[in-house]
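Beneath this line is the structure, given in C-alpha cells, with notes to follow.
Lettering follows sequence order; numbering is per chain, from 1.
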Number of protein chains: 2
Amino acid sequence: MAGRSQSGSRGAAPAPDGKQLPPAVVSRLTVYLRALNSFLADGVDRVSSDALAEASGVSSATLRKDLSQLGSYGTRGVGYEVENLRQHLSVALGLTRDWRVAIVGAGNLGRALARYGGFGTRGFDVVALLDTDPQIIGNEIGWLRISDAANLEAVFQRTRANMAVLALPASVAQAVCDRVVAAGVRSILSFAPTILQVPPGVTLRKVDMATELQILAYHAQRGEAGGETGASSDPDPTYDAAPHSGGQPA
Amino acid sequence: MAGRSQSGSRGAAPAPDGKQLPPAVVSRLTVYLRALNSFLADGVDRVSSDALAEASGVSSATLRKDLSQLGSYGTRGVGYEVENLRQHLSVALGLTRDWRVAIVGAGNLGRALARYGGFGTRGFDVVALLDTDPQIIGNEIGWLRISDAANLEAVFQRTRANMAVLALPASVAQAVCDRVVAAGVRSILSFAPTILQVPPGVTLRKVDMATELQILAYHAQRGEAGGETGASSDPDPTYDAAPHSGGQPA
DNA sequence: GACTGTGAACGGTTTCACAGCG
DNA sequence: CGCTGTGAAACCGTTCACAGTC
C-alpha cells in the first residue's frame with residue numbers, strides 16, 4: 001500500500017522553506033492570492049491578517065498559520081505588504097512559469113471553457129482544444145481551432161501542453177485520460193463524472209457538479225446550513241497509495 | 001455548539017434520520033452512489049465493501065465506516081445489495097424529492113450547464129435560466145428560454161426554484177447572490193471566482209476552476225503527485241458538465 | 001500598543017484490528 | 001470461514017492563547 005509515506009524525519013515541524021505543504025493549505029493559498037489581487041486592484045498595499053482573513057473567508061488564526069508555513073513575510077505590529085506577499089504566494093504555488101493547457105472534449109463544457117478568456121487566472125494558456133467529432137473538428141472556438149483527438153499525442157507534443165482539462169463524458173474519460181498520461185502530462189483536471197485512475201507521479205483533480213448538487217440536497221433536506229461563509233468544508237483526501245489494483249472489471 | 005448527546009450505547013443503530021453526517025462522509029456518499037449506479041448498469045446486484053471501495057477510490061475501512069453511519073444495510077459474510085444500498089443512499093442524500101434549479105447567468109458557462117442534459121444526476125431539474133443582457137434574453141437554450149434577471153424574484157417564485165447555480169462574473173456575484181437568498185433559496189452553488197457571504201441557514205458551495213488549476217500547478221512545480229484518485233479536496237470545489245451519461249463520445 | 005508567529009489544546013477523519021454475524 | 005460493523009488508536013487540521021517583535 002502506502003509506499004510513499006516514508007518521510008524519514010518526523011514531519012511534525014513544518015520546515016519553513018522545506019517542502020510539502022498540506023493540501024488544505026495549498027487550496028487556501030489560492031484564495032489568499034485572489035484576495036490579494038483584489039486588494040491590489042483597490043490600491044491597498046498593506047493588509048493585516050484580520051483583513052485578509054475576512055476577505056478570504058477564513059479565520060485570522062488559520063491565515064497566519066498558513067502563511068507562516070511559507071516563511072515570515074509579515075511585519076509584527078503592521079501586517080503584510082500586499083505586493084510582496086502576492087509574489088511569495090505566486091512562487092509557492094508555482095505560478096511563475098506559464099502552464100500550457102489542453103482541453104480535451106469540445107462539447108458544451110469544453111467550448112465554454114475554451115471561450116473563457118481570463119481562464120481563471122493568468123499564467124494558464126489554453127493551447128489546444130480537441131474532440132473526436134468530425135463535424136466540429138476544425139471549428140474555431142475563441143482563439144483556437146478544434147483538433148482531432150485522434151492525433152492527441154501529436155497535438156500535445158506540438159503545443160507542448162503540460163496540463164490537461166478533461167471535459168468528456170464518463171464513458172470515454174478513462175481511456176482518454178490514459179492517453180493524456182501516456183503523452184507525458186502529469187497534471188490533469190477532470191470534469192468527467194467518474195472516478196479516474198492515474199499512475200503515481202500524476203496529479204489528478206476532479207471537479208464535479210453532480211456531487212456538489214447532491215451535497216446541497218443533503219443539507220437542504222435536513223434544513224441544515226453547512227457552510228455560511230464561502231468556505232464549506234469538503235474534505236476528500238483519498239491518499240490511495242495502492243498504485244496497481246485491478247481496474248474496474250465491469 | 002450545544003451538545004448533541006450521542007447515545008453511545010451499542011446495539012441500537014444511530015438513528016438514520018436524526019443524525020448529522022460529517023461533511024467528509026456526505027461528499028463520499030455521492031461517490032458511492034455513482035459507483036452503485038455503474039454497478040447496476042452492469043447488472044451487478046451484490047458488492048462487497050472492498051469492491052465498492054475500489055470503484056469509489058477509497059479504502060474499504062472508510063467505506064464501511066461511512067455506510068455504518070447510515071445504518072446496517074449490508075449482510076455480513078456477503079456484502080451489500082446494490083439496489084437496496086442505492087435506495088438508502090438516495091434517501092440519506094435527499095434525492096427522493098425533486099430539486100428545481102435556477103441557473104443565474106447565461107454566459108458561456110451558464111449556457112453550457114443549461115444544455116447539459118443529464119445535469120449530473122437525475123432529481124435535478126433546471127427550471128430557469130436568467131441573465132441581464134437584453135441581447136440574449138428570450139433566446140432558447142436547450143429546453144429553456146433565458147429570462148430577464150431583473151425579474152429574478154418573480155421567476156424564482158413562478159418556477160418554485162429551490163436551488164440556484166450562479167454562473168456569473170465575480171463583480172456581480174455577491175449582489176445577485178443576495179437577491180437569490182432574499183428570494184428564498186437556501187442552497188446555492190457558485191461558479192463565480194469570489195468569496196460570497198450568505199446568512200446562516202443558507203448553504204453555499206463554491207466551485208472554482210482557477211483554484212483547481214493553481215493547485216495542479218503547485219503539485220506539478222514540485223514534481224509531486226498529490227492524489228491519484230480524483231476527488232475534490234477542501235474548501236474549494238467544482239465545476240462540471242459533460243455531455244450525456246450515455247455513450248456519446250465528445 | 002498592535003499585530004505576527006507559533007506551541008498547545010481541541011475536534012474531526014482515517015486507519016487499524018477485531019468482534020459479531022451469516 | 002468471509003465480510004460487515006465498530007471501538008480505539010493514529011493522524012491531520014483548526015482554534016486558542018500568548019510570546020515575540022516592530
Checklist entry - What's the CG-P distance between Leu63(B) and dC16(C), to the nearest Å? => result 15 Å
Item to check | Comparing Gly77(A) and Tyr80(B) on DNA chain D - which has the more 5′ nearest nucleotide | outcome: Tyr80(B)
Item to check | Spacing between Asp50(A) atom CG and dG1(C) atom C1', to the nearest angstrom | outcome: 15 Å
Checklist entry - Between dC22(D), dC16(D), dG13(D), which nucleotide has the shortest distance from any of its atoms to the side chain of Pro22(A)? => result dG13(D)
Checklist outcome for this item: Which of dT6(D), dT4(C), dT13(C) is nearest the side chain of Arg64(B)? It is dT6(D)
Checklist entry - Can a donor-acceptor pair under 3.5 Å be found between the side-chain atoms of Arg76(B) and the base atoms of dG5(D)? => result no
Next on the checklist: Please report the distance, rounded to the nearest Å, between CG in Leu85(A) and C1' in dT4(C).
Outcome noted: 12 Å
Checklist entry - Taking the side chain of Ala61(B) as heavy atoms from C-beta outward, which of dG5(D), dG5(C), dT15(C) is closest to it? => result dT15(C)
Checklist entry - For the pair made of CZ in Arg46(B) and P in dG22(C), what is the distance, rounded to whole Å? => result 16 Å
Checklist outcome for this item: Among the nucleotides dG5(C), dG22(C), dT15(D), whichever has the atom closest to the side chain of Thr62(A) is dT15(D)
Checklist entry - Where the side chain of Asn162(A) meets the backbone of Arg100(A), is there a donor-acceptor pair that is under 3.5 Å apart? => result yes
Checklist entry - Atom CG of Leu67(B) to atom C1' of dT4(D): distance rounded to whole Å? => result 10 Å
Next on the checklist: Does any part of the side chain of Phe124(A), heavy atoms only, come nearer than 4.5 Å to the side chain of Gln214(B), both counted from C-beta?
Outcome noted: yes
Checklist entry - If you check the Lys65(B) side chain, which of dG7(D), dG5(C), dT4(D) turns out closest? => result dG7(D)
Next on the checklist: For dT15(C) and Ser59(B) - does any side-chain N or O of the residue sit under 4.0 Å from the phosphate oxygens OP1/OP2?
Outcome noted: yes
Item to check | Rounded distance in Å - CG (Leu52(A)) to P (dG5(C)) | outcome: 12 Å
Item to check | Distance test, side-chain N/O of Ser49(B) to OP1/OP2 of dC3(D), below 4.0 Å | outcome: no
Next on the checklist: Using OP1 and OP2 only, check whether a side-chain N or O of Ser72(B) sits under 4.0 Å from dG5(D).
Outcome noted: yes
Item to check | Spacing between Arg28(B) atom CZ and dT14(C) atom C1', to the nearest angstrom | outcome: 8 Å
Checklist outcome for this item: Separation of dT4(D) atom P from Asp66(B) atom CG, nearest Å, is 14 Å
Next on the checklist: Do Tyr218(A) and Leu29(B) have side chains that approach each other closer than 4.5 Å (heavy atoms only, starting at C-beta)?
Outcome noted: no
Item to check | Any side-chain heavy-atom pair of His88(B) and Asn84(B) under 4.5 Å | outcome: yes
Checklist entry - Quick one: do the Gln20(B) and Arg222(A) side chains pair a donor with an acceptor below 3.5 Å? => result yes
